[in-house]
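Below is one structure, written out as C-alpha cells; comments come after it.
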Protein chains: 2
Amino acid sequence: MTAGPLDATFAALADPTRRAILARLHSGEATVSELAAPFAMSQPAISKHLKVLERAGLISRGRDAQRRPCRLEPGALKEAAGWLETYRAFWEDRFQGLDDLLDELKEADDE
Amino acid sequence: MTAGPLDATFAALADPTRRAILARLHSGEATVSELAAPFAMSQPAISKHLKVLERAGLISRGRDAQRRPCRLEPGALKEAAGWLETYRAFWEDRFQGLDDLLDELKEADDE
DNA sequence: AGGTTTTTTAACCTAGTGGTTCCATAACCG
DNA sequence: CGGTTATGGAACCACTAGGTTAAAAAACCT
C-alpha cells in the first residue's frame, strides 16, 4: 500500500522549521548551535527536529569534538521527489488545458 | 521562513492511506465509498482523510446526487514538487560522485 | 581535577491525529 | 410519505508532536 520511508520523509518535510534547516544545510554542513541560532526556539527543540530529520534519512551527523555537524543527505529527498514525479504528467496536462477541455465537454453534456 | 501551504501538503502526503487515495484518483474521479472500499478501515475514517486532502488543496469535490465525487487537483502537488526541485541539483551532484570526492579529500587530510 | 562549551536526555504540558461507534443529514426510489 | 444509500458530524480514546525547563554527558581547555 505504498507505505515505507516516505511516511517519515513527508512528515519531516511538513514542518517549516525543518524545511528551513534543510535549506540552511543545502549551503553546507553546520553544527547544532549554528542551526539553532536563527530560530526563536530553545536549542533542545532544534535537537528534536534534527532527530526527526535524521530518522527520516534527510540528514546525517558526524562528530567534531563536542560538535555534531549535520549534513544534508540526498537519498530521502530523491525518493520523495520520485514519488511526486509520478504525477508530473498529470499537472502538466492540466497546465496544457486538457482537464479544462474535459470540463467543457462535461458541461456541454449537462446542458 | 518558508511557511505556508507546504505544511498542509507535506503533512497530507505523510500518510500511506492518503497517498493511496491520491494514486487511486490519479486514474480518475471516484466517490467516497469507492475510495473507502480497498481499506480495512471505517468509512468515516476515510472521510477524515479526504477532508485533510481537501484542506491541503490536493483534491476537490463535486456533487452528483448523494455522491461527492473526488478529483485530484494538481496545484498542491506541483508546489510540493517545486520545493523539492530546489534540491535536484544537489542529489544529482551527489550521484555524480562529487560528495564522494570531497569525502576522499577529507579522509586524505586526516591521515 | 575543575570549569566551559556543545549537545542530548528527561519530565512535563498542550494540542493535534488517526482511529472507533453511533447518529444526523441529504438525496434518491418506490 | 417511508425506506435506502451515501456521506458528514459528534463524542470519545490512545498516541504522537512540538514546545518548554532543568539536568546529564561528553569532550574540550587550562
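None of the values given here were measured: they were computed from a predicted structure. All chains are named by letter (A, B, ...) in the order of the sequence lines, taking the proteins before the strands, and each is independently numbered beginning at 1.
- The distance from atom NZ of B:Lys51 to atom P of C:dG19 is 15 Å, rounded to the nearest whole Å.
- If you measure from atom CG of A:Leu50 to atom C1' of C:dT8, you get 11 Å, rounded to the nearest angstrom.
- In this model, the phosphate group of C:dA27 is approached by a side-chain N or O of B:Arg63 to a distance below 4.0 Å at OP1 or OP2.
- Taking all atoms of both residues into account, the shortest heavy-atom contact from A:Ala56 to A:Ala8 is CB-O, 3.6 Å.
- When each of A:Leu53, A:Ile59, A:Ile46, A:Leu50 is paired with A:Arg18, the side-chain contact (heavy atoms from CB on, under 4.5 Å) condition holds for A:Leu53 and for no other.
- Remark: P of C:dT8 and CZ of A:Arg55 are 15 Å apart, rounded to the nearest angstrom.
- With A:Arg61 as the partner, the side-chain contact (heavy atoms from CB on, under 4.5 Å) test is satisfied by one option alone out of A:Glu54, A:Arg71, A:Arg67, A:Glu29: A:Glu54.
- Residues B:Leu13 and A:Leu84 are in side-chain contact: their nearest non-hydrogen atoms beyond the backbone lie under 4.5 Å apart.
- As a whole-Å value, the separation of A:Arg67 CZ from C:dT4 C1' is 12 Å.
- Follow the hydrophobic side-chain contacts under 4.5 Å out from A:Phe90 and you reach A:Trp83 in the same cluster.
- If you take CD of A:Glu34 and P of C:dT5, they are 16 Å apart, rounded to a whole angstrom.
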Could you list, one pair per line, each protein nitrogen or oxygen that sits under 3.5 Å from a nitrogen or oxygen of nucleotides 18-21 of chain D, together with the distance?
from	atom 1	to	atom 2	distance (Å)
D:dG18	OP1	A:Arg18	NH2	2.9
D:dG18	OP2	A:Arg18	NH1	3.2
D:dG19	OP2	A:His49	NE2	2.2
D:dG19	N7	A:Lys48	NZ	3.1
D:dG19	O6	A:Lys48	NZ	2.1
D:dT20	OP1	A:Ser42	N	3.3
D:dT20	OP2	A:Ser42	N	3.0
D:dT20	OP2	A:Ser42	OG	2.6

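- Each of D:dA27, D:dG8, C:dT8 was ranked by its minimum atom distance to the side chain of A:Arg68; first place goes to C:dT8.
- The phosphate of D:dG8 has OP1 or OP2 within less than 4.0 Å of a side-chain N or O from B:Ser47.
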query = Given the rule in the side chain to side chain contact (heavy atoms under 4.5 Å, CB included) test, do A:Thr9 and A:Glu79 qualify, once you have shown the distances and angles that lead to the verdict?
reply = CA-CA 9 Å; A:Thr9 305; A:Glu79 269 196 41; 5.9 Å; no

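- Atom pair A:Asp64:CG and C:dT6:P shows a separation of 11 Å (rounding to whole Å applied).
- Between B:Glu54 atom CD and D:dG9 atom C1' the separation is 15 Å, expressed in whole Å.
- A straight line from CG of A:Leu13 to P of D:dA17 spans 15 Å, rounded to a whole angstrom.
- B:Gln43 has its side chain within reach of B:Ser47: a pair of non-hydrogen atoms, C-beta onward, lies under 4.5 Å apart.
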